[in-house]
Amino acid sequence: MSSNPTIDTLLVPKKMVVNAKGDGPALDISGAASRVFLLTLDITDIIEQEALDVSISGSADGSAWDAKPLTAFPQKFYRGQHPLLLDLTGHAGAKFIRAHWELNRWGRGTETPMFEFHLAIREVPPDILKEATAEAKALA
């Protein structure tokens, strides 16, 4: 019944180890049939007493990025998978997106933070959105 998503990839590659703030590569989303995406942040390794902030930035051309992020995950401190829905229906100008991360470390031991994580993105097909919206309205 549902169509396959056109975008099903990684915004941050698997097993990416970061020690400082940074940005992932730009992803062209202009060909997406839907403007709604499921993001899954998967933190696979950490050290204690540190925090990870991951946000998603948008761009019209893939080179000049908006100062304000389109969305952000709540601050993370532990391993695990963390889903987040990214709805870009109100952001028609966003033709490219990329991940941005900031790290913070405190306490004893090394001052250098370390997180190993990846960030997956999957387009939510329009027919699934329509079905979910109808179910939500029926339950309201």
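The side-chain heavy atoms of Tyr78 and Ile43, taken from C-beta on, include no pair separated by under 4.5 Å. Two residues are said to be in side-chain contact when any heavy atoms from C-beta on lie closer than 4.5 Å; Met16 and Leu119 fail this criterion. Between His118 and Lys15, every side-chain heavy-atom pair lies at or beyond the 4.5 Å cut-off. Side-chain contact check for Ile46 versus Leu52: every heavy-atom pair is 4.5 Å or farther apart. Leu85 places a side-chain heavy atom less than 4.5 Å from the side chain of Val124. Proximity of Val17 to Met114: side-chain heavy atoms (C-beta onward) are separated by under 4.5 Å at one or more points. Residues Asp61 and Lys95 have side chains not in contact (no heavy-atom distance under 4.5 Å, counting atoms from C-beta outward).
Leu11 contributes atom CG, which lies 4.5 Å from atom CD1 of Ile121 (distance to the nearest 0.5 angstrom). Rounded to the nearest 0.5 angstrom, Phe73 CZ and Leu86 CG are separated by 9.0 Å. From Gln81, atom CD reaches atom CG of Asp42 across 4.5 Å, with rounding to the nearest 0.5 Å. We find the OG1-CG distance between Thr40 and Leu10 to be 10.0 Å, quoted to the nearest 0.5 Å. Between the OG atom in Ser59 and the CD1 atom in Ile97 there is a gap of 11.0 Å [rounded to 0.5 Å]. One finds the CG atom of Leu70 at 10.0 Å from the CG atom of Leu39 (value rounded to the nearest 0.5 Å).
Counting all heavy atoms, side chain and backbone alike, Glu123 lies closest to Ser34 at OE2-N, 2.7 Å. Contact record, His100 with Asp23: ND1-OD1, 2.7 Å, taken as the closest heavy-atom pair. Across all non-hydrogen atoms, the minimal contact from Pro83 to Leu38 is CB-CD1, 4.1 Å. Summarising the geometry of Arg98 relative to Trp65, their closest heavy-atom pair is NH1-NE1, 3.2 Å, with the distance given to 0.1 Å. Here the shortest heavy-atom pairing between Ala33 and Pro126 reads O-CG, 3.9 Å. Contact between Gly62 and Phe96 at its shortest, heavy atoms only, is N-CD1, 3.3 Å.
In this structure, the side chain of Thr71 does not engage the main chain of Ile56 through any donor-acceptor pair within 3.5 Å.
You'll find the ring centres of Trp101 and Phe115 outside the 6.0 Å limit.
The 12-atom threshold is not exceeded at CD of Glu48, counting heavy atoms of other residues, nucleotides or ligands nearer than 6.0 Å.
A continuous path of hydrophobic side-chain contacts links Leu41 to Val18 [ILVMFWY only; heavy atoms under 4.5 Å].
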